[in-house]
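Read through the structure below, which is laid out as structure tokens, and then see the notes.
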Amino acid sequence: MSEPTGASPAPAAASSARSRARALISAQPQLHGFVLERTDAVAELDADAYVMRHTASGARLLYLACEDENKAFSIGFKTPPADDTGVFHILEHSVLCGSARFPLKEPFVDLIKSSMQTFLNAMTYPDKTVYPVATTNGQDLLNLMDVYMDAVLNPAIYRKKAIFEQEGWHLEVDDDEAATLHYNGVVFNEMKGALSDPSDVLNNAVMRALFPDTAYAFESGGNPRAIPTLTYEHFLDTHARHYNLANSYIVLYGDLDADRVLGFLDERYLSDAARAEADAAKRAAGTFVERPGAPNPLRLQAPVRCEYESVRMATTPENAQVGMAYVIGTAADRKRVLAADILFDALLGSNEAPVKKAILAAGLGGNVLSYTEAACLQPYELIILQGAAPESARALRQVIEDECRHLVEEGIPRDRLEAVISSEEYALRQRDYGIADGVAIACDLLSTWLYDDDAATDALFYEPVYAELRRELSGTYFEDLLRELVLDSHHSALVELIPEAENASEDPETIELARLRARMSDDDLAAVRAEVAALRAAQEAEDAPEAKATLPRLHVSDIGPARPEPPLTLDTRTPLPCLAHDIPTHRLAYLLVYFDLTHVSYTELPYVSILARLMKQLGTTEHSAAELDSLITSNLGFLAFSPEVMAQPNWKLARPVLTVAAGALSEKLDELASIPAEVWGKTVFDDTERIRDVLTQMRIGMEQDFITAGHQAALKRSWSYVSPAGVVSENLSGVDFYRFLRELLEHFDERADELVAKLGELQQRIFTSTGTVASFTGSAEDYERFWAAAGTMGLGPRTAPAKELYVPMPEPKREAFIIPSDICYVAKTADPRAMGISMDGTWSVASTVLSFDFLWNEIRVKGGAYGCGFRAANNRQLAFYTYRDPAIDPSIERIAEAGAWLAGFDPDPQSFEGFIVSCVAGHDAPVKPYALTRRQNIEYFTKRPVHWREQLREEMLATTPEKLRALGETIGRVAEEAPLCVFGGREVIERSNAGLKPVDLLG
């Protein structure tokens, strides 16, 4: 890519990002067209925030200067919807399908295939759309910015209607005798999947009830019933009115060359000259909009009190839900929003929290969830009753308000409020967002900045607010807030989701299409077929060489050497063998303890999962359940018990372990040593009603996961068809465990005593020092202090006799699990070792090539599935999968062609080098201390060679097109022999000719 002429040479690398930014920005009243409006030091992030405005274009910009090498850029737009067509969601997809400067079909996918990105995506929210990227490479950041800025400002959508049809919706004609019509489109199918989730349906209904006169009343993602009403003309008009610089919010983050980046933005996109040049090009192409109308308004909702509303949904009876929502105030009142989040977490965040406990005790449903929705103009709290009993809605509100009245009068337990504040402070220090920090922070910024230009940095500051809220504990602030939000609320809504039986003959979409078909002539049908053929031709057409040449690319030489990882040491001097990690943690400490399960019988494994889930939920001999809950929340950042299966080099072997993971501030090492030990050693299993509640919550959570993440369930199930490790995993946490859990709950009363006895027995057998390995991450000083305090953590050698873990051999079953959904998830999984396949780093490149080239184009672009991919998990698993897929058979057919396609793979040198760059960059992507700890521990337990990651990286770099083509025949064999598993809607499964056995999973 060309360099911006106004860019200055990069400053010396020795200076810090903060000092360079301070010297550059603070010394100049105007820099590359940007005027500095304010500067804030952000202690919470060890950063400085520079709020700027570009004079010529009106673009807002915030630069957060800090020492993070994982730098980020994002541009967002205020996009409040005015209907349910999902136009902003479709635009989010569509603008990334080519632009004026980069006239490729899929520059977004090309960047995934060729850049060093550590995050690359776009997100549609109820009132905004955000396009963020992150990378560790400065040149790559400019490349990604260039493509994204041109995409949002100068997209190809004005010249190519096919983009709208592909990403939004279009009609298709089936080849059956009746010439049946159906809709297709990526967003259309995505939202059919999303709105198969009862929680999404309930939340949308709650927002309509709370905000009936505002943009929040509409489904920003799009309702499949409304998406086909969106016209191409309205689609373009909506883009012209909202995707302009005066409506934009740009965020820069990390250790970057601010002078170069700001100069690039100004010269290429923001200056008068740059925008005049872009407008001239649009006029020449006939796509210029002279004076687009104003953006959609985003208004405050006057208080409304919805006493009761219901929404009906075709789903299973177990998915009955009730939502009770209370508006907190406005985004501008940061203290009130954070206080409400703390308050409701204290009241509803666990089974021992007083309001949740009262709801469960009333027997109104199986589980209670609650969350604070703060990323909107009027934040609100939503309390959800899952597995709701019939006609329980009004009773739910009564229980909530009665318990809140009691708490207002008697006082909210201060230990619960203090515990939540301590937990939040731990999370702030950990700064683990699950994605690149700069991306998460850019999205958080808009929770205040979007609604007030003077609130650009408000979302960054937590410490002063938390300090003030701690002081408020001595008064009645939280009781007064609870009274205002719940007892005296003038803005609330009670909504019930009522399941009803599925009736295909009454499906509105089917009826609508049948009526449309009845009105169509043969010429009309021919026109639809012709449009689809034209769309297919556009999708299958190769990008021209000159178009490919426009995409900015990195080279292998830009990658740099691998970052050395801190060594993992097995310390046998400690009371328990300990995997010691020398990783900087910002004064945090992480403890993991791995308890051996190879002495547990196969039939006992489901009980181990129940044992793990009940830990923390029940009292101990030292503390009641409520006391323990507060003790954990006050002193630990987290405490989790979970069974895991460690795959072994011999594919016929599996090593299950029960992992206990905890984190704490370094000043809480005594508690890190004592609390987990109390929980695993002294939990009492005598409260059978509480046990029933927890198991019911477990069942409900699994059922929700089957619906919303069916690809993960299908991958796990298909893995059990070929791998003993997969068989064990299924018995611990998959379909087999779900069936065990459901049967246990159905006969709970007669099996309760047996369950209690088995749990007590397993507790004594598992939590011993025999075969146990610990792991600690923290400073050397903290390491010594921890073991001085911990000793043996109450663990002694196992005295009970071991049982034999005999694992049944896997066998294919060709199952199709019926879930309440309009789409499906397809998975085919193989164990390469069982097939005699040897793998190396070349397979990682093949995974990237197949996922983002062949499968993406065939299954996502043409087939309309929201996601798909090929996994090559090192040398122990191979898998094809689809996500929110409209049909089974077409995807199976395309998967079957993957090997032949790869065998003929003949990329140009630049494209191939891009695959290598992206693959190695993904391998090298920085990870947080806890994630690195987990990864290194898994490598230890799965017996990876010491330098296997380095070897894998070298093999990726040594990959050639010839080596990839040589894998084609083998991958074809995998596609043919890997057993199939499907999770999906009944109609989708019944339309398949794949010979699957339908299984009504949820009853």
Side-chain angles (χ1 to χ4, degrees), residues 1-2 75 77 87-115 117 120-122 124 129 131-133 142-170 185-187 230 232-233 235-240 242-244 268-269 274 277-289 531 534-553 852-854 856-858 860-862 864 866 907-908 910-911 914 918:
M1 61 182 289
S2 61
I75 182 167
F77 301 92
V87 60
F88 289 116
H89 188 187
I90 299 171
L91 278 169
E92 174 224 308
H93 284 240
S94 299
V95 301
L96 297 173
C97 293
S99 65
R101 190 178 295 275
F102 307 106
L104 300 100
K105 291 190 303 177
E106 299 268 13
F108 168 74
V109 182
D110 287 328
L111 287 174
I112 293 176
K113 295 187 293 189
S114 63
S115 74
Q117 55 85 19
L120 184 74
N121 213 329
T124 303
T129 309
Y131 297 84
V133 299
L142 285 179
N143 294 349
L144 296 170
M145 288 169 53
D146 199 10
V147 175
Y148 262 45
M149 287 294 290
D150 203 57
V152 297
L153 299 176
N154 310 305
I157 57 175
Y158 291 90
R159 295 179 289 105
K160 297 181 178 179
K161 185 179 179 182
I163 297 173
F164 166 72
E165 295 169 338
Q166 171 183 293
E167 299 299 323
W169 74 276
H170 63 273
V186 174
V187 169
L230 177 63
Y232 179 54
E233 292 71 25
F235 169 75
L236 297 180
D237 173 71
T238 302
H239 177 271
H242 295 85
Y243 280 59
N244 62 76
R268 183 66 58 90
Y269 292 105
E277 180 182 348
D279 289 347
K282 291 176 184 176
R283 285 191 180 93
T287 61
F288 180 73
V289 179
E531 288 179 5
L535 175 59
R536 291 287 180 268
Q539 292 168 334
E540 293 172 359
E542 288 285 333
D543 285 319
E546 56 270 24
K548 292 181 180 180
T550 64
L551 194 72
R553 298 182 184 276
F852 295 108
D853 198 320
F854 176 73
W856 179 280
N857 197 48
E858 294 296 320
R860 189 186 191 277
V861 173
K862 298 180 188 176
Y866 183 47
D908 62 78
Q910 278 194 321
S911 296
S918 67

Could you check if a side-chain atom of [X] sits within less than 4.5 angstrom of a side-chain atom of [Y], using non-hydrogen atoms only?
{"X": "Arg101", "Y": "Asn154", "answer": "no"}
{"X": "Val861", "Y": "Gln166", "answer": "yes"}
{"X": "Asn143", "Y": "Ser115", "answer": "no"}
{"X": "Arg268", "Y": "Met145", "answer": "no"}

Measure the spacing between [atom1] of [X] and [atom2] of [Y] and express it to the nearest 0.5 Å.
{"X": "Leu144", "Y": "Met149", "atom1": "CG", "atom2": "CE", "result": "13.5 Å"}
{"X": "Lys161", "Y": "Tyr232", "atom1": "NZ", "atom2": "OH", "result": "7.5 Å"}
{"X": "Glu92", "Y": "Asn121", "atom1": "CD", "atom2": "CG", "result": "7.0 Å"}
{"X": "Leu236", "Y": "Leu91", "atom1": "CG", "atom2": "CG", "result": "8.5 Å"}
{"X": "Phe88", "Y": "Tyr243", "atom1": "CZ", "atom2": "OH", "result": "7.5 Å"}
{"X": "Asp279", "Y": "Phe288", "atom1": "CG", "atom2": "CZ", "result": "4.5 Å"}

Give the minimum heavy-atom separation between [X] and [Y], together with the two atoms involved.
{"X": "Pro107", "Y": "Cys97", "value": "CD-C, 3.9 Å"}
{"X": "Pro155", "Y": "His239", "value": "CG-NE2, 3.5 Å"}
{"X": "Glu167", "Y": "Ser94", "value": "CB-OG, 3.5 Å"}
{"X": "Ala240", "Y": "Tyr158", "value": "N-OH, 3.4 Å"}
{"X": "Asp150", "Y": "Ser99", "value": "OD2-OG, 2.6 Å"}
{"X": "Ile112", "Y": "Leu120", "value": "CG1-CD2, 3.3 Å"}

Spell out, as yes or no, whether a donor-acceptor pair under 3.5 Å connects the side chain of [X] to the backbone of [Y].
{"X": "Lys862", "Y": "Glu540", "result": "no"}
{"X": "Asp543", "Y": "Lys105", "result": "yes"}
{"X": "Gln910", "Y": "Arg553", "result": "no"}
{"X": "Tyr269", "Y": "Asp146", "result": "yes"}

Residue from Val95, Leu96, Val147 passing side-chain contact (heavy atoms from CB on, under 4.5 Å) with Phe108: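 Of Val95, Leu96, Val147, side-chain contact (heavy atoms from CB on, under 4.5 Å) with Phe108 is met by Leu96 alone.
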Ion pair Glu165/Lys160, N-O distance below 4.0 Å: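 Salt bridge absent between Glu165 and Lys160.
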Parallel, tilted or perpendicular: ring planes of His93 versus Tyr866, cut at 30 and 60 degrees: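 Plane angle between 30° and 60°, so tilted.
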Phe164 and Phe235 aromatic ring geometry - parallel, tilted or perpendicular at 30°/60° bounds: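 Rings of Phe235 and Phe164: tilted, as their planes differ by 30° to 60°.
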Enclosure of Glu277 CD (heavy-atom neighbours >12, cutoff 6.0 Å):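 Counting other residues, nucleotides and ligands, CD of Glu277 stays at 12 neighbours or fewer.
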